[in-house]
Protein chains: 2
Amino acid sequence: MAIPRAAKTQRRTRIQEEKEEIILEAALDVFSVNGFRGTTVDQIAEVAGMSKPNLLYYFRTKEAMHRALIDRVLFTWLEPLRAFDANGNPESEIRSYIRRKLEMARDFPRESRLFANEMLQGAPHVEDELRGPLKALVDEKAEVIRAWATAGKIAKCDPYHLIFSIWSTTQHYADFDVQVRAVLGQEHAGEGRFEDAARYLEQLFVDGLRIRHN
Amino acid sequence: MAIPRAAKTQRRTRIQEEKEEIILEAALDVFSVNGFRGTTVDQIAEVAGMSKPNLLYYFRTKEAMHRALIDRVLFTWLEPLRAFDANGNPESEIRSYIRRKLEMARDFPRESRLFANEMLQGAPHVEDELRGPLKALVDEKAEVIRAWATAGKIAKCDPYHLIFSIWSTTQHYADFDVQVRAVLGQEHAGEGRFEDAARYLEQLFVDGLRIRHN
DNA sequence: TGTAATGTTTACCAATCGGTCAAATTATCC
DNA sequence: GGATAATTTGACCGATTGGTAAACATTACA
């Protein structure tokens with residue numbers, strides 16, 4: 001009897017662990033580009049190198065695969081923000097936060113795009129997580145930033161929009177990668193663009209453009 | 001004979017103009033949320049309030065609708081950058097560019113999302129336009145910014161990444177609208193968030209966070 | 001007002017969609 | 001090695017996909 005689906009067994013088989021990993025890897029490939037609606041189970045099965053029924057043996061539905069991916073990404077995606085230290089030095093904390101987010105954009109662009117796709121669609125699968133855990137974490141860190149501003153350690157600014165601007169500028173290099181490459185052209189589109197971006201962004205957030213006021 | 005499709009006639013009928021507008025409006029609704037692959041012709045037909053064959057009388061294929069939308073958006077989307085004036089004052093030029101891009105994110109969020117969806121999918125329909133006209137325009141404006149830096153009017157910085165950062169921070173309020181609302185919560189998610197963002201971003205780009213160096 | 005061009009609809013197509021089922025195959029464990 | 005559970009497959013399902021054919025209705029224009 002092949003009724004006991006993967007989810008039902010308490011202890012996961014070696015094969016289960018391996019195959020589920022292969023499937024999620026393939027699903028990430030496809031979902032991150034085409035979004036949930038634009039992705040077909042057959043596509044995932046082909047990338048994963050297994051038959052569709054076999055794939056559906058491990059994940060009952062397309063939604064189950066998507067949900068598993070989103071859950072995983074949501075957790076790791078907020079790691080850098082969690083590491084934001086209230087007792088640290090404002091400059092080094094902000095610098096290292098930018099650097100970490102930029103490294104994630106470079107090393108995990110598919111995860112970034114999966115998340116971006118979900119946002120574009122109005123977050124139908126994760127709106128609760130946004131309003132709950134995400135908002136709570138951001139509220140906490142925003143309070144830290146506000147305290148720094150009150151203490152005169154950094155300029156007074158809206159801490160929420162500060163966080164938004166770090167998110168958007170860094171993730172841009174994953175989500176809009178094609179555009180970045182196209183605009184930079186052959187000359188500058190080498191892998192050095194992430195170092196250039198890091199240098200520019202750290203300067204922007206720390207010093208701004210230092211426009212000379214006449 | 002109903003063979004002469006809309007495209008074939010030289011002069012467009014009143015009905016053609018009206019219906020094509022209705023269709024593109026509906027298509028923008030659906031494409032901007034679900035992306036190209038995730039959108040069905042039936043969805044567009046329903047939103048447009050007409051039958052599928054009738055819709056396909058004006059646009060032969062799903063691709064034709066998408067192409068028409070992309071072309072239109074690509075042009076208007078670059079208006080603010082074209083308006084960027086080499087002879088203007090650096091501070092006011094950058095400030096007004098930010099303001100204009102933010103207004104577009106507020107007033108045309110669907111257009112922003114349509115473009116974002118296309119980028120996430122690797123720009124399969126517009127890669128040529130990116131490498132051609134877009135790159136040319138950005139190259140031109142980047143040269144202006146570089147000249148300002150050389151003249152000591154603004155800090156030395158990578159002009160391309162400067163432009164990227166303005167694009168990403170402003171479009172974020174359209175593309176990630178759900179997330180922004182969720183994080184800001186009921187209290188601050190009123191329509192004032194665009195003014196808050198404008199104030200914050202203008203400060204960021206002009207002065208940075210003015211971190212006190214110990 | 002007549003007629004030709006334009007516009008709309010119903011019925012339909014093959015291909016693909018997400019997912020099921022039972023049979024066949026393979027791994028596990030006593 | 002044999003029983004039992006886990007895994008894999010091919011055949012298949014009804015629904016939906018993008019798009020077509022042709023009959024029908026409406027408009028524009030002489």
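In what follows, chains carry the letters A, B, and so on, assigned in the order in which the sequence lines appear, proteins first and then strands, with residues in each chain numbered from 1. Computed over heavy atoms, backbone and side chain alike; hydrogens, waters and symmetry mates excluded.
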Cation-aromatic face contact B/Arg82/B/Phe75, 6.0 Å, 45 degrees
yes
Do A/Glu111 and A/Arg72 sit within salt-bridge range, that is, some charged N less than 4.0 Å from a carboxylate O?
no
Taking only Lys NZ, Arg NE, NH1 and NH2, and the carboxylate oxygens of Asp or Glu, determine whether B/Arg193 and A/Asp158 approach each other closer than 4.0 Å.
no
Using whole Å, report how far CD of B/Glu20 lies from P of C/dT8.
11 Å
To the nearest Å, give me how far apart CG (A/Leu56) and P (D/dC12) are.
19 Å
Please confirm whether any donor atom in the side chain of B/Lys19 sits under 3.5 Å from an acceptor in the base of C/dG7, or the reverse.
no
Nearest-nucleotide 5' precedence on DNA chain D, A/Arg37 against A/Met50
A/Met50
Any Lys/Arg nitrogen of A/Arg100 or A/Glu79 sitting under 4.0 Å from an Asp/Glu carboxylate oxygen of the other?
no
For D/dT7, does either OP1 or OP2 sit under 4.0 Å from a side-chain N or O belonging to A/Tyr57?
yes
Nearest-Å distance, CD1 (B/Ile22) to C1' (C/dT8)?
14 Å
Whole-Å distance between D/dT26 P and B/Glu18 CD?
17 Å
Between CG of B/Asp42 and C1' of C/dT9 the distance, given in whole Å, is 15 Å
Could you give the distance from CD (A/Glu17) to OH (A/Tyr58), rounded to the nearest 0.5 Å?
11.5 Å
The nucleotide from C/dT8, D/dG19, C/dG18 with an atom nearest the side chain of B/Thr61 is D/dG19
Could you check whether the side chain of A/Lys52 and the base of C/dG18 have a donor-acceptor pair of N or O atoms closer than 3.5 Å, going by distance alone?
yes
Spacing of CD belonging to B/Glu63 relative to CE belonging to B/Met65, to within rounding of 0.5 Å:
11.0 Å
Between C/dC17, D/dT9, C/dG7, which nucleotide has the shortest distance from any of its atoms to the side chain of B/Tyr58?
C/dG7
Please confirm whether the shortest side-chain N or O distance from A/Gln16 to OP1 or OP2 of D/dA6 is below 4.0 Å.
no
In whole angstroms, the gap separating P of C/dT9 from CG of B/Leu55 amounts to 11 Å
Consecutive-pair stems (3 or more, Watson-Crick or G-U, under 3.5 Å) for DNA chain C
C:1-30 with D:1-30
Think A/Asn54 has a side-chain N or O under 4.0 angstrom from the OP1 or OP2 of D/dT7?
no
I'd like to know if B/Arg199 pairs up with B/Asp196 as an ion pair, taking the criterion as any Lys NZ or Arg NE/NH1/NH2 lying under 4.0 Å from an Asp or Glu carboxylate oxygen.
yes
Heavy atoms from C-beta onward define the side chain here; which of C/dG18, C/dA11, D/dG19 lies closest to that of A/Val41?
C/dG18
Report the distance from atom CD of A/Gln43 to atom P of C/dG19, rounded to the nearest whole Å.
14 Å
Answer yes or no: does a side-chain N or O of B/Ser51 lie under 4.0 Å from OP1 or OP2 of C/dT8?
no
Can a donor-acceptor pair be found, under 3.5 Å and without considering hydrogens, that links the side chain of A/Arg113 to the backbone of A/Ala174?
yes
To the nearest angstrom, the CD-C1' distance between A/Glu17 and D/dA6 comes to 15 Å
